[in-house]
Participant: 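First the structure, which I've put down as structure tokens, then a few questions once you've had a look.
Not measured: the values here are computed from a predicted model.
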Amino acid sequence: MVATWNPAAASSYYLRGAEYYLGTVEPAGRWYAPAGDFGLVDGAEVERAAFERLYAGLGVDGKALLRQGGRTDRVPAFDITFSAPRSVALVWAFAGPELKTAIEAAQERAARSALRVVEREAIWARRGKGGLTLEPVALSAGLFQHGESRPAEHKDGRIFGDPNLHTHAVVLNLATRADGSVGAIHSKILRDWKMAAGAQYHAALAHEVEALGFVLDRLDYNGVFEIAGVEDALIRYFSARRREIEDELAEHQTTSRSAAALASAITRATREAKSETGPRSREDIWAEAAAAQGVVVETFAENLRRQGRQPELERGERLLAERLVALPRELTETRSVFERRDLFRAVSAALVGTGLPAERASGEVERLLQDGAVVEIGRDSIGLPRHSTAEMVAIERQVVEIARDLASDTRKGVDQTALIVRCKEAGLSLEQQDAALAAAGSQAVAIIEGAPGSGKTTTLAPIVSAYRGAGYRVLGAASAWRIARMLQNDLGIEARATASWIEKVKRGHKILDQNTVLIVDEAGLLSSRDMHAILSEVQQAQAKLILVGDRGQLQAIGAGPGLDLVSRSVAAARVETIVRQHDAWARDAVRDFGAGEAGRALDAFAERGLLVEVRGARAAITAIVDRWEAGQDADPTASTLLLARTNAQVGAISREVRSRLKDRGLIRGLEIEIAGVTPSGHASQIMLAAGDHIRFLVRNDELGVVNGSTGTVTKVMEQPERDAPDGRRVRIEAVTGGRLVTFDPAAFADETGRVRLGWGYASSIYGSQGLTVDRTLVLADPALDRHDIYVAASRARIETMLVVDTAAIDRHLLADRPLDRQTSDAGPTALERRAWLAGRLSRSNVKLSTVAVIETDREQTKSRTPTASRRRELDHEL
């Protein structure tokens with residue numbers, strides 16, 4: 001389910017916009033207007049004159065219904081498109097008249113079900129000064145059912161529009177308020193609910209499809225499903241338009257799941273006019289193409305049905321109950337605070353495949369709230385509810401409380417005078433010295449926080465020495481094994497990945513005691529749950545804890561900002577002066593990125609020729625590898641990081657680097673293909689030969705490698721072996737950490753048989769936090785935010801270069817224009833691109849804690865206007 005959002009165009013556009021929805025090929029539109037606003041009749045046919053008039057915001061007298069207040073950029077409507085799974089569209093396309101009509105009715109009922117949720121939850125009009133007061137209003141929309149995609153070339157060379165059953169819900173951007181005046185809809189709330197609306201639509205359509213006798217399978221995110229028996233190969237063939245978009249996304253080295261905004265932009269920016277009907281019907285074209293794929297069209301749909309089959313409701317109830325029990329934990333896997341729309345989305349998606357009606361969603365949402373499985377913890381700035389779970393509220397409160405208790409435990413300090421001497425001997429600045437003194441004070445918990453490259457690890461050295469001198473055992477932890485190993489080497493202490501320490505504690509191992517100091521590096525990446533586990537163990541063992549991190553860099557991996565919670569009870573010692581970058585301008589640019597002043601930082605990079613703008617993802621990859629190759633030729637000893645946001649982008653860069661190395665003869669000999677997996681768990685095919693730089697993605701004590709260890713392949717050996725799955729045995733010889741190791745790739749296979757090995761040529765930005773190198777080359781993806789660019793731009797001592805794909809930026813900019821101006825004929829200017837990119841890179845996505853929301857809500861309670869809290873009371877007025 002996707003939604004398109006467009007500002008108003010010239011007056012002539014309205015006719016063209018109306019023509020798209022009111023075309024003669026598709027059935028007549030129907031009004032969704034249960035409240036009868038503007039005299040509309042729910043379910044009645046959409047008349048051209050009324051649609052065009054309301055689309056333009058005009059009353060029956062031809063006068064504007066809305067006071068513009070001098071604005072000329074009114075958005076006339078919002079197009080929310082509900083698209084059936086492709087298997088449903090194929091069954092519809094090849095069904096007989098009776099079944100086809102039934103599926104069309106099911107599609108309409110599913111769209112209406114989603115709109116009922118949207119109307120109840122997300123349709124508000126602004127009132128008062130600044131539009132800060134919200135009033136619930138009715139939703140009015142024209143529903144236009146269409147049955148095909150725009151023409152695209154298929155793998156057999158045929159060009160036609162695929163079966164694509166979808167409904168455009170053109171939501172009018174106006175509604176009558178309680179006093180009879182007309183107001184515009186709060187567009188952001190409506191936009192934010194589109195995923196929940198999509199899940200409700202999928203739940204409703206799934207129920208309808210099952211009632212028609214079909215079985216569902218391939219259940220996926222947000223309730224997406226397919227009909228059992230419709231093969232993936234057929235779905236792929238009849239998804240040529242989707243494949244075009246996916247190919248475009250591949251050029252941008254991403255996927256539609258990970259970049260929904262870009263996918264939507266590409267869809268709209270590459271939109272072609274629909275084909276004319278022509279002498280042959282689309283049904284004939286589809287049938288001919290399907291027959292060529294081996295489909296018996298006449299019996300295709302009916303053979304998939306199980307006539308008289310009724311959903312097993314008892315089984316469905318059990319399945320739903322199991323999913324709802326797991327749902328609160330799933331909602332707080334990556335965040336501790338979520339919105340009502342997130343809850344509704346998850347409940348609706350849980351209904352898919354149960355055979356139960358989608359209307360159950362609202363009741364189940366309320367039941368989760370009434371039972372306390374999900375709790376409302378406060379309201380946002382406009383009065384809409386925020387939620388969490390009782391577990392998360394308890395965990396985050398306990399983190400604050402334990403931190404407060406540890407801060408009042410004053411038995412863990414070292415001699416301050418002696419520490420000052422150690423700091424001076426280590427060459428620490430006064431700022432670093434003050435931080436060291438604070439961290440080694442008497443409190444049982446301390447925080448050292450500061451900018452990337454400010455020497456936080458350097459500050460730790462005299463602290464470690466002082467505690468050791470006082471008879472303490474010092475241990476280290478970090479978010480990744482690779483960073484833990486660096487901590488171990490730099491400070492001469494035992495160090496492990498934080499998750500490894502936590503797992504050992506869970507298994508009953510006694511790690512800490514009253515004579516232990518635990519230093520946790522990159523503590524800003526700790527979730528609330530992980531921080532709770534660490535603090536609880538430190539408190540129980542009466543140990544000392546020093547947290548080192550930066551809340552401005554990448555956010556916590558899991559739910560909740562652990563370091564932020566501790567900082568509520570413990571004052572952080574800050575180290576702000578950046579020392580990593582050799583040039584003053586580069587240090588200033590890093591600070592600007594961290595402060596959300598990306599425009600100023602980008603200008604600084606551009607002035608020095610370090611902001612490289614190219615057109616197309618392929619050109620961006622080439623530019624990065626060109627610069628890397630030139631740097632290697634100039635100074636082979638310099639350490640260089642090639643950084644990108646996604647693992648797909650990292651893979652694309654790695655393939656280009658490897659190709660260059662192979663051309664130079666640096667990768668040679670026997671080459672094998674391995675079914676690998678990315679750090680995020682996605683399948684990935686990699687080739688390995690002598691000379692390849694590899695990264696181990698899992699710990700292996702026998703070889704002495706951890707997740708993140710790198711090495712260079714020196715030899716690939718292959719020999720026949722009868723017992724091997726494919727009749728051969730592969731052995732790889734590599735140098736890692738100065739040692740020569742030999743291993744079978746199968747030793748690194750996961751439970752699915754995918755080998756946990758990857759190329760070591762490039763890295764994700766996430767995997768780079770904590771690293772320091774000479775040079776960095778960054779693919780500055782428009783999807784980066786302030787935290788991403790802050791980390792990426794701060795890794796290098798000598799030089800950082802940012803490479804930008806201007807075509808990707810243009811697609812976003814063009815997609816925000818009116819539909820009649822979404823062409824590249826008069827594309828964005830360089831200044832527009834720079835300003836837009838600066839805005840994206842300045843966005844902050846700091847994770848909220850339940851503690852912060854509860855405190856803020858308490859402060860705002862007296863001044864808040866009753867908006868969402870009155871929603872249910874006012875429902876009957878709609």
Participant: Does the distance from a Lys or Arg side-chain N to an Asp or Glu carboxylate O, for Arg618 and Glu656, drop under 4.0 Å?
Facilitator: yes
Participant: What I want to find out is whether Asp342 reaches Arg335 closely enough, with some N-O distance under 4.0 Å, to be called a salt bridge.
Facilitator: yes
Participant: Does a side-chain heavy-atom distance below 4.5 Å link Asn707 with Arg482?
Facilitator: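 Counting from C-beta outward, Asn707 and Arg482 never come under 4.5 Å.
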Participant: Test your reading of the model: is there a side-chain donor-acceptor pair from Arg795 to the backbone of Thr640, 3.5 Å cut-off?
Facilitator: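 Side chain of Arg795 to backbone of Thr640, a donor-acceptor pair under 3.5 Å: no, none is there.
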Participant: Check Ala623 against Val803 and note the closest heavy-atom contact, atom names and distance.
Facilitator: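 In this case the closest contact between Ala623 and Val803 is CB-CG1, 4.1 Å.
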Participant: May I ask you to decide whether Asp785 forms a salt bridge with Arg843, counting only side-chain N to carboxylate O separations under 4.0 Å?
Facilitator: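 No, Asp785 and Arg843 are not salt-bridged.
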Participant: Verify side chain to side chain contact (heavy atoms under 4.5 Å, CB included) between Ile809 and Leu837, making sure each step is shown before the conclusion.
Facilitator: CA-CA 7 Å; Ile809 295 176; Leu837 181 60; 4.2 Å; yes
Participant: Answer yes when Arg568 and Glu855 have at least one side-chain N-carboxylate O distance shorter than 4.0 Å, and no when they do not.
Facilitator: yes
Participant: Short question: side chain of Gln581, backbone of Ala796 - any donor-acceptor pair under 3.5 Å?
Facilitator: yes
Participant: First locate atom CG of Leu779, then atom CG of Leu643, and finally report the distance between them rounded to the nearest 0.5 Å.
Facilitator: 9.5 Å
Participant: Report yes if the side chains of Val614 and Thr806 come closer than 4.5 Å at any heavy-atom pair, otherwise no.
Facilitator: no
Participant: If you define the side chain from C-beta out and look only at heavy atoms, does anything of Thr800 sit under 4.5 Å from Val778?
Facilitator: yes
Participant: Taking side chain as C-beta onward, heavy atoms only, is Arg833 less than 4.5 Å from Leu813?
Facilitator: yes
Participant: Testing the basics here: between Ser768 and Val791, what is the closest heavy-atom pair and its distance to 0.1 Å?
Facilitator: OG-CG1, 3.8 Å
Participant: Between Ile578 and Ala451, what is the shortest heavy-atom contact and its length?
Facilitator: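 Distance-wise, the nearest heavy atoms are CG1-CB, 3.8 Å.
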Participant: Can you tell me how far apart CE (Met801) and CG (Leu610) are? Round to the nearest 0.5 Å.
Facilitator: 8.0 Å
Participant: State whether the side chain of Glu832 and the backbone N or O of Thr829 hold a donor-acceptor pair below 3.5 Å, judged by distance alone.
Facilitator: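 Yes.
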Participant: Could you tell me the separation between the CG atom of Leu784 and the CZ atom of Arg645, rounded to the nearest 0.5 Å?
Facilitator: 6.5 Å
Participant: Checking Leu134 against Ile189 for the side chain to side chain contact (heavy atoms under 4.5 Å, CB included) test, could you report, in this order, the C-alpha distance in whole Å, the side-chain angles of both residues, the deciding distance, and whether it holds?
Facilitator: CA-CA 11 Å; Leu134 299 183; Ile189 298 176; 3.7 Å; yes
Participant: Val590 vs Arg580, test: side chain to side chain contact (heavy atoms under 4.5 Å, CB included). Steps then yes/no.
Facilitator: CA-CA 10 Å; Val590 169; Arg580 178 179 293 156; over 6 Å; no
Participant: Which value, rounded to the nearest 0.5 Å, describes the distance between Ser849 atom OG and Ile377 atom CD1?
Facilitator: 8.0 Å
Participant: Is it the case that the side chain of Ser569 and the backbone of Val566 share a donor-acceptor pair, with hydrogens and angles ignored and the cut-off at 3.5 Å?
Facilitator: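 The answer is no, because no donor-acceptor pair under 3.5 Å joins these two groups.
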Participant: Rounded to the nearest 0.5 Å, what separates atom OG1 in Thr850 from atom NE2 in His387?
Facilitator: 14.0 Å
Participant: Is a side-chain donor or acceptor of Arg386 paired with a backbone partner of Glu339 at a separation under 3.5 angstrom?
Facilitator: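 No, Arg386 side chain to Glu339 backbone: no donor-acceptor pair under 3.5 Å.
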Participant: Please name the pair of heavy atoms, one in Ala589 and one in Ala601, separated by the smallest distance, quoted to 0.1 Å.
Facilitator: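 Shortest heavy-atom separation between Ala589 and Ala601 comes out as O-CB, 3.6 Å.
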Participant: How about Ser336 and Lys847: do any of their side-chain heavy atoms sit closer than 4.5 Å?
Facilitator: no
Participant: Does any N or O in the side chain of Ser639 come within less than 3.5 Å of the main-chain N or O of Val773, such that one atom is a donor and the other an acceptor?
Facilitator: no
Participant: Extract all donor-acceptor atom pairs below 3.5 Å that involve side chains of residues 545-553 and protein atoms in other chains or at least two apart in sequence.
Facilitator:
from   : atom 1 : to     : atom 2 : distance (Å)
Asp550 : OD1    : Gly552 : N      : 3.0
Asp550 : OD2    : Gln553 : NE2    : 3.3
Arg551 : NE     : Glu449 : OE1    : 3.3
Arg551 : NE     : Glu449 : OE2    : 2.9
Arg551 : NH1    : Asp564 : OD1    : 3.0
Arg551 : NH1    : Ser567 : OG     : 2.9
Arg551 : NH2    : Glu449 : OE1    : 2.9

Participant: Are Arg496 and Trp481 in a cation-pi contact, defined as NZ or CZ under 6.0 Å from the six-membered ring centre and within 45° of the axis?
Facilitator: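 Arg496 over Trp481 ring: no.
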Participant: Passes salt bridge (charged side-chain N to carboxylate O under 4.0 Å, His left out), Arg834 versus Asp603? Steps please.
Facilitator: CA-CA 9 Å; Arg834 182 81 59 81; Asp603 288 344; 2.8 Å; yes
Participant: Say whether Ser479 and Glu522, considering side chains only, have a donor N or O and an acceptor N or O under 3.5 Å apart.
Facilitator: no
Participant: What I want to check is whether the side chains of Gln649 and Asp781 have a donor and an acceptor closer together than 3.5 Å.
Facilitator: yes
Participant: Quick check: does any side chain N or O of Arg840 sit under 3.5 Å from a backbone N or O of Trp836, one acting as donor and the other as acceptor?
Facilitator: no
Participant: Tell me whether Ser454 contacts the main-chain N or O of Glu576 through its side chain, where contact means a donor paired with an acceptor under 3.5 Å.
Facilitator: no
Participant: So Leu771 and Ile483, do their side chains get closer than 4.5 Å, heavy atoms only?
Facilitator: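 The answer is yes; the side chains approach within 4.5 Å.
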Participant: Starting at CG of Leu526, measure out to CD of Gln555 and round the result to the nearest 0.5 Å.
Facilitator: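 Interatomic distance, Leu526 CG to Gln555 CD, rounded to 0.5 Å: 12.5 Å.
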Participant: Looking only at atom types and distance, does a side-chain atom of Trp501 sit under 3.5 Å from a main-chain N or O of Gly476, one as donor and one as acceptor?
Facilitator: yes
Participant: Taking it one step at a time, do Arg627 and Glu799 satisfy salt bridge (charged side-chain N to carboxylate O under 4.0 Å, His left out)?
Facilitator: CA-CA 12 Å; Arg627 188 67 172 235; Glu799 181 183 272; 3.2 Å; yes
Participant: Hey, are His582 and Arg797 close enough side-chain-wise for a donor-acceptor pair under 3.5 Å?
Facilitator: no
Participant: Give me the atom names and distance for the closest heavy-atom approach of Ala598 to Ala838.
Facilitator: CB-O, 3.5 Å
Participant: Taking only Lys NZ, Arg NE, NH1 and NH2, and the carboxylate oxygens of Asp or Glu, determine whether Asp583 and Arg587 approach each other closer than 4.0 Å.
Facilitator: no
Participant: Got Phe593 and Arg786 here, is their nearest side-chain heavy-atom distance under 4.5 Å?
Facilitator: no
Participant: With a 3.5 Å distance limit and no angle check, can you tell me whether Thr710 reaches the backbone of Arg695 through a side-chain donor-acceptor pair?
Facilitator: no
Participant: Do Leu518 and Ile534 come within less than 4.5 Å of each other through their side chains, counting heavy atoms only?
Facilitator: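 Yes, side chains in contact.
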Participant: Tell me, with the steps shown, if Trp124 and Leu384 meet side chain to side chain contact (heavy atoms under 4.5 Å, CB included).
Facilitator: CA-CA 11 Å; Trp124 303 84; Leu384 299 179; 4.1 Å; yes
Participant: For the residue pair Ala780 and Leu802, what are the closest heavy atoms and their distance?
Facilitator: CB-CB, 4.5 Å
